[in-house]
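Quick note: numbers below take in every heavy atom, side chains included, and nothing from hydrogens, waters or symmetry partners. Numbers here are sequence positions counted from 1. Note that ligands are numbered from 1 as they come in the structure, with each ligand's atoms numbered from 1 the same way.
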Amino acid sequence: MSINQFVMDNEKVIRMSFFFGMLVVMAVWELFAPRRALTVSKAVRWVNNLGLVFFNSFLLRVLFPAAAVGVAAFASKNGWGIFNYYDVPFWVAAVASVVIMDFIIYLQHVMVHAIPLLWRLHRLHHADLDYDVTTGARFHPIEIILSMLIKFATIVVLGPPVIAVVVFEIMLNATAMFNHANVRLPLGLDRILRLFLVTPDMHRVHHSVEDDEANSNFGFSLPWWDRVFGTYRDQPRGGHEGMTIGIRKYRDPKQVAWLPGMMLMPFKGKISGYAINRRQWNDAEKKQDE
Ligand SMILES: [Zn+2]
Ligand SMILES: [Zn+2]
């Protein structure tokens, strides 16, 4: 049996094993070296955040049983996508695919912050009042579906090797759990790791209630995109222990820490984001004219 076939046949088991393995490792690490004190009880956070994760994986399995791997295999069989069309050495195609797919995730993350309608979905991830390993997988089901469709489109255009897709998905999942973890890393180690991996201290800045801090450090796995595109921010102004995590407007645990409130978050509040942005835009234009 080829390695491709093995990975295709056991893809779900492989991904689940990495998910649970990483969850246990980070959870134990959080117990022994926590970075911040939690504001909501861990039991409430874990039951609700992980409840959402299980619901999302069930939903994806029902909606897209073939998953990203299936799309990659289909593209490869039909010669679709850049790396299937051109004769590119396997390793070049594999490494380039992982890096490009990570870049697309970065762009997608900037987009869900920039477009008010999409921010409604993404704000569930940010409304978490604390920051721990379960935050890393806490996304609204509609955002999960949107991400999946973007991933499918990327795969069809790119034509990545099947293995690269599996490696990428495991890497994204593992790094999201690592960099959302409430863990303390020696500062020197954080400095070195940050050169090629998004660390917990780096991504925590992105979960600040401060707008300028939340609009920085969009990367999930590779830290380079933030540096290249000027969205990198070294540390939060208030320090990691002093900073406030979450969204200023949404502080009621019933709404942000319990599943029913979490599911309804995108539909709360008037759709005024466009109007507000439009006004700010007009004001800025007026100022320029003066
Ligand atoms: Zn974000
Ligand atoms: Zn995050």
K.L.:
For the Zn ion (ligand 1), report each protein N, O or S atom nearer than 2.8 Å, sorted by chain and then by residue number.
P.N.:
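For the Zn ion (ligand 1), the protein N, O and S atoms that sit under 2.8 Å away are H109 NE2, H113 NE2, H122 NE2, H126 NE2, H206 NE2.
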K.L.:
What class does the angle between the rings of F218 and H113 fall in, given that below 30° is parallel, 30 to 60° is tilted and above 60° is perpendicular?
P.N.:
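Ring orientation, 0 to 90° scale: perpendicular.
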K.L.:
For F74 and W80, take the angle between the two ring planes, folded into 0 to 90°, and tell me which bin it lands in: parallel under 30, tilted 30 to 60, perpendicular over 60.
P.N.:
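Ring orientation, 0 to 90° scale: perpendicular.
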K.L.:
Only one of K268, Q255, R123, H126 clears side chain to side chain donor-acceptor pair (under 3.5 Å) with Y250; which?
P.N.:
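Exactly one pass, corresponding to R123.
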K.L.:
Measure the acute angle between the ring planes of H180 and H207, then classify it against the limits of 30° and 60° as parallel, tilted or perpendicular.
P.N.:
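Ring orientation, 0 to 90° scale: perpendicular.
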K.L.:
With sequence neighbours left out, write down each residue that passes ring-ring contact (aromatic ring centres under 6.0 Å, His included) with F58, or none if nothing qualifies.
P.N.:
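Once residues adjacent in sequence are excluded, F58 has no partner under the ring-ring contact (aromatic ring centres under 6.0 Å, His included) criterion.
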K.L.:
Taking it one step at a time, do F90 and F83 satisfy ring pair (Phe, Tyr, Trp, His ring centres under 6.0 Å)?
P.N.:
CA-CA 9 Å; F90 170 79; F83 292 130; over 10 Å; no
K.L.:
Only N/O/S atoms count here: what is the atom of H180 closest to the Zn ion (ligand 2) called?
P.N.:
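H180's closest N, O or S atom to the Zn ion (ligand 2) is named NE2.
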